[in-house]
Asker: 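Would you mind keeping the following structure in view while I ask a few things?
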Amino acid sequence: MAGSHSVRIKYCTQCRWMMRSAWMAQEVLTTFESELSEVTLAPGSGGVFEVHVDGQLIWSRSEQGRFPDIKELKQLVRDRVAPDRDLGHTDRKAEEDGSAKAT
């Protein structure tokens with residue numbers, strides 16, 4: 001049964017960011033398939049890359065100055081649609097990963 005949340009990714013067609021956006025949409029949909037009712041891609045222009053969850057902006061390339069890592073994006077979506085959900089290895093802190101490798 002599908003959830004009730006929606007994700008919208010607005011991307012710049014002039015910049016050819018459709019494939020990046022489609023990949024991110026696929027990753028989000030695969031991770032949150034039971035929480036989401038839809039993931040949509042919205043073509044735009046002018047260097048836009050924005051991600052909205054339930055109409056609320058969670059990422060803006062113009063504000064952040066970069067694209068999100070897929071790990072970041074999944075965490076931001078999770079915080080809105082399933083805040084108590086553990087994302088497994090995606091939730092590990094950099095310090096934990098570093099200390100595990102050092103031993």
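Owing to the predicted nature of the structure, the values given are computational and were not obtained by experimental measurement.
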Asker: In a table with atom names and distances, give each donor-acceptor pair under 3.5 Å that connects a side chain of residues 25-32 to protein atoms at least two apart or in another chain.
Answerer:
residue	atom	partner	partner atom	Å
E27	OE1	K74	NZ	3.0
T30	OG1	Q26	O	2.8
T31	OG1	E27	O	2.9
T31	OG1	K74	NZ	3.2

Asker: Cluster question for you: counting only ILVMFWY and a side-chain heavy-atom cut-off of under 4.5 Å, with indirect links fine, are V48 and V7 together?
Answerer: no
Asker: F49: what forms a ring pair (Phe, Tyr, Trp, His ring centres under 6.0 Å) with it, not counting sequence neighbours?
Answerer: F67
Asker: Measure across P43 and K10 and return the closest heavy-atom pair with its distance rounded to 0.1 Å.
Answerer: O-CE, 4.3 Å
Asker: Mind checking the CD1-CD spacing from I58 to E50? Nearest 0.5 Å is all I need.
Answerer: 11.0 Å
Asker: So which atom in G47 and which in R61 form the shortest heavy-atom distance, rounded to 0.1 Å?
Answerer: O-NH1, 3.5 Å
Asker: I'd like to know if L57 and L36 are part of one continuous hydrophobic network [Ile/Leu/Val/Met/Phe/Trp/Tyr, side-chain heavy atoms within less than 4.5 Å].
Answerer: no
Asker: Could you tell me the separation between the NE2 atom of H52 and the OG atom of S60, rounded to the nearest 0.5 Å?
Answerer: 8.0 Å
Asker: Kindly work out whether a path of hydrophobic side-chain contacts (I/L/V/M/F/W/Y, heavy atoms less than 4.5 Å apart) joins V77 to L41.
Answerer: yes
Asker: Enumerate, atom names and distances included, each donor-acceptor pair closer than 3.5 Å involving a side-chain atom of residues 11-20, sequence neighbours excluded.
Answerer:
residue	atom	partner	partner atom	Å
T13	OG1	G44	O	3.2
Q14	OE1	G46	N	2.9

Asker: How close do R78 and R85 get, heavy atom to heavy atom, and via which atoms?
Answerer: NH1-O, 3.0 Å
Asker: R80 vs H5, test: side chain to side chain contact (heavy atoms under 4.5 Å, CB included). Steps then yes/no.
Answerer: CA-CA 9 Å; R80 301 281 189 223; H5 299 281; over 6 Å; no
Asker: How far apart are the C-alpha atoms of S6 and D54, what are their side-chain angles, what is the distance that settles it, and do they pass the side chain to side chain contact (heavy atoms under 4.5 Å, CB included) test?
Answerer: CA-CA 5 Å; S6 65; D54 297 331; 3.7 Å; yes
Asker: Between V51 and M24, is the side chain to side chain contact (heavy atoms under 4.5 Å, CB included) condition met? List the steps.
Answerer: CA-CA 10 Å; V51 181; M24 288 187 176; 5.7 Å; no
Asker: In terms of hydrophobic clustering (I, L, V, M, F, W, Y; side-chain heavy atoms under 4.5 Å; direct or indirect links), are I70 and V53 co-clustered?
Answerer: yes
Asker: Kindly indicate, with the supporting measurements, whether the criterion side chain to side chain contact (heavy atoms under 4.5 Å, CB included) is fulfilled by E72 and R66.
Answerer: CA-CA 12 Å; E72 286 177 294; R66 62 183 178 85; 2.7 Å; yes
